[in-house]
Amino acid sequence: MKQQNILIIGAGLCGSLLALRLGQRGYNVAVYEMRPDLRTTDISAGRSINLAFSDRGNKAMKLVGIEDKVKALCIPMNGRMLHDKEGQTFLSNYSGRDYEYINSISRGELNGLLLTEAEKHENVTIHFNKKCQSVDFEKTTARFQDYNTKHEFIEDADCIIATDGAGSALRQSYFLERKFLFSFSQHWLTHGYKELSILPNEDGSYKTYKNALHIWPRGDFMVIALPNLDGSFTVTLFLSYDEGEYNFNNLTTPEIVTEFFEKEFPDALALMPNLAEDFFENPTAPLGTVKCSPWHYKGNTLLMGDSAHAIVPFYGQGMNASFEDVVVFDGVLDQYEGDWEAVFSEYNKVRKKDTDAIADLAIDNFHEMKDHVANPIFQEKRKIEMALEKEFPEDYSSKYSLVTFNEHIGYREAMLRGRAQDKAILNMLSDGVISTEDDINDILDKVKTETEAILEDDRIAGLK
């Protein structure tokens with residue numbers, strides 16, 4: 001049975017991890033990737049958005065036995081370094097527990113490692129420069145075109161798993177063929193993003209604080225920066241396409257771009273003599289959310305990772321969610337191995353509610369990062385949550401901690417409890433029921449009582 005042939009479309013982060021895991025389980029795995037091999041070619045093209053690697057992603061690295069190799073690629077980020085217009089900074093830790101932090105990691109380095117580990121298995125082969133044109137999900141075949149020769153060919157397999165991202169060829173085939181009831185939605189933010197950079201000092205050192213995710217929140221837009229191992233920072237500008245005094249549609253000259261940064265991000269501009277060059281060399285890219293259902297057709301084909309549930313990057317969970325997909329899929333395989341239809345159906349059932357939840361949370365966090373983090377009542381809430389986590393590490397976790405550091409609970413459960421806690425604390429702060437001066441034991445009791453009341457209301461309303 002293990003000699004079954006599995007075809008994976010896409011050798012990105014999710015596809016390369018899935019190939020590695022299925023190779024370890026003894027399947028014959030063939031992976032087809034439309035881009036060249038990123039280990040031998042630079043293909044970033046200003047679209048990488050540095051990745052935030054955290055506990056859910058690490059759970060997958062433990063599963064395949066490469067946790068230490070991945071750790072060597074990580075830079076710990078203990079919190080958000082907030083920059084105001086005057087250049088003053090404030091470090092807001094992610095957790096009151098010192099051992100909870102996220103990591104900055106290079107997409108290319110991590111993807112390369114996963115490809116190399118997958119190829120160590122004789123039963124795994126990876127083919128580059130092969131673009132999937134369409135999938136016949138009834139015959140379980142996929143049509144590819146070789147980028148170099150333009151030659152078209154068809155591959156057959158026992159099952160096909162598409163990890164080919166937000167523009168998935170398999171998802172498009174599901175949608176266009178109309179052979180079964182397939183629901184699909186794609187929502188774009190009014191904002192896009194552009195990648196910029198802060199280069200290292202001449203001696204290779206960092207120009208600003210290394211162990212934080214830097215944010216310049218400005219209400220309707222923001223800049224973030226994540227550290228790289230070479231001393232540089234990957235900087236990303238999130239800005240509306242057409243709204244506000246400055247937007248992507250009217251930032252058309254180096255002078256206007258510089259004026260915008262002088263006015264809004266003067267301390268960032270001081271670190272970025274290469275701003276105009278980066279701005280006009282790198283593309284402006286959109287930010288969208290994809291939801292669809294079902295993810296599978298019988299036991300023939302399955303969508304996984306971004307092809308099933310692309311999200312915006314504001315919770316730092318896109319990669320972690322895709323890696324967690326593989327862990328969940330692996331667990332379902334343990335139960336139903338040998339029956340692909342049962343495997344795909346059960347995986348879809350147990351996983352979709354959680355990927356819908358993280359998609360919604362990522363939109364919430366977009367508004368939090370660009371605006372709410374600078375709001376005084378929000379800062380009061382964070383102070384209280386940090387104190388609760390520090391004083392009662394076993395009894396309290398903020399929404400951010402539930403999502404990011406509690407990999408044993410699903411995203412949906414984390415979202416429902418986290419939102420209830422947020423509502424409880426913000427309501428009690430605004431009503432004067434609690435304050436940062438109060439006894440921490442009293443605050444915990446009140447937050448717990450109010451949170452449970454809100455959760456009970458949600459249950460009655462049918463939200464759980």
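A cation-pi arrangement is absent between R218 and F238, since the terminal nitrogen or guanidinium carbon is not both under 6.0 Å from the aromatic centre and inside a 45° cone about the axis. Cation-pi contact between K194 and F279: present, with separation from the ring centre below 6.0 Å and deviation from the ring axis of at most 45°.
With ring centers used as reference points, F366 lies under 6.0 Å from H191. The ring of F314 has its center no closer than 6.0 angstrom to the ring center of Y193.
Within 6.0 Å of the NZ atom in K71, the count of heavy atoms belonging to other residues, nucleotides or ligands does not exceed 12. Other residues, nucleotides and ligands place more than 12 heavy atoms under 6.0 Å from the NZ atom of K150. Within 6.0 Å of NZ in K207 there are more than 12 heavy atoms belonging to other residues, nucleotides or ligands.
Using modelled atom types, one side-chain atom of T163 and one backbone atom of G10 make a donor-acceptor pair closer than 3.5 Å.
Between the side chains of N228 and S104, no donor-acceptor pair of N or O atoms lies under 3.5 Å. Looking only at atom types and distance, the side chain of T301 has a donor-acceptor partner in the side chain of Y174 under 3.5 Å away. A donor-acceptor contact closer than 3.5 angstrom is absent between the side chains of D146 and H151. Inspection of the S397 and R417 side chains reveals no N or O donor paired with an N or O acceptor under 3.5 Å. For E138 and N300, the side-chain atoms include no donor-acceptor pair closer than 3.5 Å.
Among F260, Y246, Y241, W216, the single residue meeting the ring pair (Phe, Tyr, Trp, His ring centres under 6.0 Å) criterion with F221 is F260. Partner H214 forms a ring pair (Phe, Tyr, Trp, His ring centres under 6.0 Å) with one of F90, Y206, F233 and no other, that one being F233. If you run ring pair (Phe, Tyr, Trp, His ring centres under 6.0 Å) between Y94 and each of Y99, Y315, Y400, Y101, only Y400 comes through.
Taking the six-membered ring where tryptophan is involved, the planes of F265 and F261 are tilted, since the angle between them lies from 30° to 60°. Between W340 and F344, the ring planes lie tilted relative to each other; the angle falls in the 30° to 60° range.
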